[in-house]
**Q** 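Dropping the structure in here first, questions after.
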Amino acid sequence: MRIGYPCVNESLDCTSSATFRLASYSDERVELAVASNLLCLQRILEYNVANELRFFRISSGIVPFGSHPINTFPWQTRFAAEFQAIGDYIKAQRMRISFHPDQFVVLNSPSEDIVQRSIAELVYQGSMLDLMGLDSTAKLQIHVGGLYGDRDLAISRFVATYRELPVAVQRRLVIENDDRLFSLRDCLRVHEAVGIPILFDNFHHECLNHGEPMAEALRLAAGTWHPERDGILMMDYSSQQVGERKGKHTSTLEEELFREFLTHLHGLDVDIMLEIKDKEASACRAVSVLRELQLVAAEAAPQS
DNA sequence: AGCAGTCAAGTTGAC
DNA sequence: GTCAACTTGACTGCT
């Protein structure tokens with residue numbers, strides 16, 4: 001079991017998503033930004049290793065305008081060595097990596113334009129994992145998409161688009177149950193059609209479900225991951241911010257709720273991403289909880 | 001230096 | 001109709 005957090009480290013004084021405005025685009029600025037972002041990413045990964053955090057979601061903004069037509073800078077070749085060095089470090093430290101392309105990636109949109117831009121974004125993010133030399137257990141995590149007033153049609157459009165994706169994207173793509181539109185059950189329908197793994201979000205499942213108990217939901221999601229090809233189940237963990245609207249993520253880890261959640265695993269091995277406002281602070285506390293329970297994987301330690 | 005307004009992209013639902 | 005929310009703020013021009 002690995003524990004992680006998304007994108008941003010609040011303890012370090014650097015960002016891995018430096019960017020600039022489209023209006024001020026230049027190849028030189030791309031080169032400067034990517035160089036700076038990769039340096040920061042390496043620092044974050046080293047921080048994570050030092051704190052036994054071996055699951056990390058890399059920011060989508062490593063390459064500014066990474067899938068935009070304006071960006072013609074050959075960053076893949078210019079930074080090939082840097083990406084490879086980061087990938088080597090990730091592999092040596094047995095870390096798990098994911099990306100979560102943002103809300104503009106909608107594979108089931110009725111607009112062909114939006115679908116094509118979405119695919120370009122997935123190709124961009126997947127190519128970073130390729131450049132790092134990571135295998136297909138490193139994933140690209142997205143939601144099923146929009147509803148457009150017809151659930152069946154929306155799902156069938158996702159399935160049709162998935163089948164046409166470049167293999168480089170297909171092998172890494174996973175879908176996450178969301179909190180309002182597409183439940184775990186909907187995701188299972190997509191899985192049955194095309195075999196795509198389901199990244200399980202416990203909090204979204206609490207917000208939107210069909211009565212499946214947490215333990216059963218975990219078992220169903222885990223069953224969609226092919227052990228050799230996909231690795232063990234990835235999941236997002238969060239809980240409700242008390243007093244806020246339903247679906248609002250908690251600002252800090254509620255340890256009692258986290259312990260209670262762990263009891264539903266029944267020995268299932270998973271990698272847990274803490275989608276919690278205070279980032280690595282909560283992730284470190286989760287590691288402490290797990291250490292008390294002795295659930296953190298000992299084999300995650302580097303061979304020495 | 002600090003701050004407010006704005007930034008490539010989509011969709012939904014609360015108000 | 002407008003606008004916040006979503007996995008994640010950062011840049012820019014003004015004072």
Side-chain angles (χ1 to χ4, degrees), chain A residues 4-10 12-26 29-30 32-34 36-37 40-41 44 55-71 97-125 139-151 154 157-158 161 174-182 199-204 207-208 234-241 244-251 272-283:
Chain A
Y5 62 98
C7 305
V8 173
N9 181 297
E10 298 182 328
L12 298 173
D13 59 356
C14 68
T15 174
S16 62
S17 53
T19 184
F20 46 84
R21 297 296 154 82
L22 180 59
S24 57
Y25 177 91
S26 73
R29 290 195 75 163
V30 174
L32 287 169
V34 175
S36 160
N37 289 339
C40 184
L41 175 58
I44 294 173
F55 187 20
F56 188 65
R57 179 186 301 163
I58 300 178
S59 161
S60 303
I62 295 286
V63 181
F65 307 102
S67 68
H68 192 286
I70 198 175
N71 186 345
I97 296 297
S98 66
F99 279 97
H100 194 337
D102 59 29
Q103 62 269 32
F104 309 109
V105 171
V106 187
L107 287 185
N108 75 345
S109 171
S111 156
E112 183 59 25
D113 252 21
I114 290 167
V115 172
Q116 286 311 314
R117 283 200 296 272
S118 297
I119 293 173
E121 180 69 14
L122 291 170
V123 167
Y124 147 59
Q125 298 197 23
K139 295 300 189 185
L140 303 170
Q141 136 189 24
I142 62 171
H143 296 286
V144 176
L147 209 48
Y148 311 100
D150 187 333
R151 184 175 306 274
R157 257 202 319 273
F158 182 95
T161 302
V174 302
I175 47 174
E176 174 190 351
N177 59 304
D178 70 68
D179 59 345
R180 296 174 315 156
L181 305 178
F182 293 98
L199 188 149
F200 182 68
D201 186 308
N202 78 300
F203 184 35
H204 291 166
C207 296
L208 178 67
M234 278 184 180
M235 65 163 291
D236 287 348
Y237 175 86
S238 191
S239 61
Q240 176 68 41
Q241 174 74 48
E244 282 282 354
R245 66 164 180 82
K246 179 180 171 186
K248 174 79 174 177
H249 290 218
T250 184
S251 55
I272 303 179
M273 174 81 48
L274 295 173
E275 283 191 339
I276 294 180
K277 195 80 182 155
D278 65 359
K279 303 290 174 185
E280 74 277 6
S282 281

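Every heavy atom of this structure was used, including side-chain atoms; hydrogens, water molecules and symmetry mates were not.
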**Q** B:dT11 and C:dG9: how far apart are their P atoms, nearest whole angstrom?
**A** 24 Å

**Q** Atom CZ of A:Arg57 and atom P of C:dG9: how far apart are they, to the nearest Å?
**A** 12 Å

**Q** Pair A:Leu22, A:Phe65 - check side chain to side chain contact (heavy atoms under 4.5 Å, CB included), show working.
**A** CA-CA 8 Å; A:Leu22 180 59; A:Phe65 307 102; 3.9 Å; yes

**Q** Taking all atoms of both residues into account, what is the closest heavy-atom pair of A:Ile62 and A:Pro64, and its distance?
**A** O-CD, 3.5 Å

**Q** Would you kindly give the CZ-to-C1' distance between A:Phe200 and C:dT7, to the nearest whole Å?
**A** 17 Å

**Q** Measure from CG on A:Asn177 to P on C:dT7 and round the result to the nearest Å.
**A** 11 Å

**Q** Any base atoms under 4.0 Å from A:Glu121, or only sugar-phosphate, or nothing? Heavy atoms, all strands.
**A** base

**Q** To the nearest Å, give me how far apart OH (A:Tyr5) and C1' (C:dT7) are.
**A** 14 Å

**Q** Looking only at heavy atoms, what is the nearest atom pair of A:Leu147 and A:Ala154, with distance?
**A** O-CB, 3.6 Å

**Q** In whole angstrom, give the distance that lies between atom CD of A:Gln125 and atom C1' of C:dT7.
**A** 11 Å

**Q** Mind checking the P distance from B:dT6 to C:dA4? Whole angstroms is fine.
**A** 12 Å

**Q** Using atom P of each nucleotide, how far apart are C:dT8 and B:dA1 to the nearest Å?
**A** 30 Å

**Q** Measure all distances between protein nitrogen or oxygen atoms and nitrogen or oxygen atoms of nucleotides 3-6 of chain C, and list the pairs falling under 3.5 Å.
**A**
from  : atom 1 : to       : atom 2 : distance (Å)
C:dA5 : O3'    : A:Arg245 : NH2    : 2.5
C:dC6 : OP1    : A:Arg245 : NH2    : 2.8
C:dC6 : N3     : A:Gln103 : NE2    : 3.3
C:dC6 : N4     : A:Gln103 : NE2    : 3.3

**Q** Mind checking if A:Leu181 touches a base, just sugar-phosphate, or nothing, with heavy atoms under 4.0 Å?
**A** sugar-phosphate

**Q** Rounded to the nearest angstrom, tell me the gap between atom CG in A:Asp102 and atom P in C:dG9.
**A** 13 Å

**Q** With pairs defined as Watson-Crick or G-U wobble and both distances under 3.5 angstrom, please note down DNA chain C as a dot-bracket string, | for pairing with another strand.
**A** ||||||..|||||||

**Q** Ion pair present between A:Lys248 and A:Asp179, side-chain N to carboxylate O less than 4.0 angstrom?
**A** no

**Q** Measuring to OP1 and OP2 of C:dT8, would you say a side-chain N or O of A:Ser59 lies under 4.0 angstrom away?
**A** no

**Q** One pair to check against side chain to side chain contact (heavy atoms under 4.5 Å, CB included): A:Glu275 and A:Asp201. What are the steps and the verdict?
**A** CA-CA 10 Å; A:Glu275 283 191 339; A:Asp201 186 308; 3.6 Å; yes

**Q** Could you check whether A:Gln241 and A:Ser251, counting side-chain N and O atoms only, form a donor-acceptor pair closer than 3.5 Å?
**A** yes

**Q** For residues A:Ser109 and A:Ser111, is any side-chain donor paired with an opposing acceptor at under 3.5 Å?
**A** no

**Q** Tell me if the aromatic rings of A:Phe56 and A:Tyr5 count as close, with their centers under 6.0 Å from one another.
**A** yes

**Q** Shorter than 3.5 Å, N or O on both sides, protein versus nucleotides 12-15 of chain C: list them out with atom names.
**A**
from   : atom 1 : to      : atom 2 : distance (Å)
C:dT12 : OP1    : A:Ser24 : OG     : 3.1
C:dT12 : OP1    : A:Arg29 : NH1    : 3.3
C:dT12 : OP2    : A:Arg29 : NH2    : 3.2

**Q** What is the distance, rounded to the nearest whole Å, between atom CG of A:Leu41 and atom P of C:dT8?
**A** 18 Å

**Q** Can you check the distance between C:dC11 and B:dA8, where both ends of the measurement are the C1' atom (answer in whole Å)?
**A** 14 Å

**Q** I'd like to know whether A:His249 forms a ring pair (Phe, Tyr, Trp, His ring centres under 6.0 Å) with A:Phe203, so could you lay out the CA-CA distance, the side-chain angles of the two residues, the decisive distance to 0.1 Å, and finally the verdict.
**A** CA-CA 8 Å; A:His249 290 218; A:Phe203 184 35; 5.3 Å; yes

**Q** Which is it for A:Ile276 and A:Asp278 under the side chain to side chain contact (heavy atoms under 4.5 Å, CB included) test, yes or no, and what are the steps along the way?
**A** CA-CA 6 Å; A:Ile276 294 180; A:Asp278 65 359; 3.5 Å; yes

**Q** What is the nucleic acid contact for A:Tyr148, judged by heavy atoms within less than 4.0 Å: base, sugar-phosphate only, or nothing?
**A** sugar-phosphate

**Q** In residues 110-119 of chain A, which ones come under 4.0 Å of DNA chain B, going by heavy atoms?
**A** A:Ile114, A:Arg117

**Q** Kindly give the heavy-atom pair with the smallest separation between A:Pro6 and A:Arg57, and that separation in Å.
**A** CB-NH1, 3.6 Å

**Q** With a 3.5 Å distance limit and no angle check, can you tell me whether A:Asp236 reaches the backbone of A:Leu274 through a side-chain donor-acceptor pair?
**A** no

**Q** Less than 4.5 Å apart, any side-chain heavy atom of A:Ile119 and any of A:Leu107?
**A** yes

**Q** Any chance you could lay out the side chain to side chain contact (heavy atoms under 4.5 Å, CB included) test for A:Phe55 and A:Ser98, step after step, and finish with the verdict?
**A** CA-CA 8 Å; A:Phe55 187 20; A:Ser98 66; 4.1 Å; yes

**Q** Output the rounded distance in Å from CZ (A:Phe65) to P (C:dC11).
**A** 11 Å

**Q** How far, in whole Å, is B:dC3 from C:dT7 if one measures between their P atoms?
**A** 29 Å

**Q** Does the pair A:Glu176/A:Lys139 count as a salt bridge with the N-to-O cut at 4.0 Å?
**A** no

**Q** Between which nucleotides of DNA chain B, 5' to 3', does chain A make heavy-atom contacts below 4.0 Å?
**A** B:dG5 to B:dG13

**Q** Using every non-hydrogen atom in the two residues, find where A:Cys207 and A:Lys246 come nearest and quote the distance to one decimal.
**A** O-NZ, 3.1 Å

**Q** Return the set of residues passing ring pair (Phe, Tyr, Trp, His ring centres under 6.0 Å) with A:Tyr124 (not counting sequence neighbours), or none when no residue passes.
**A** A:Trp75

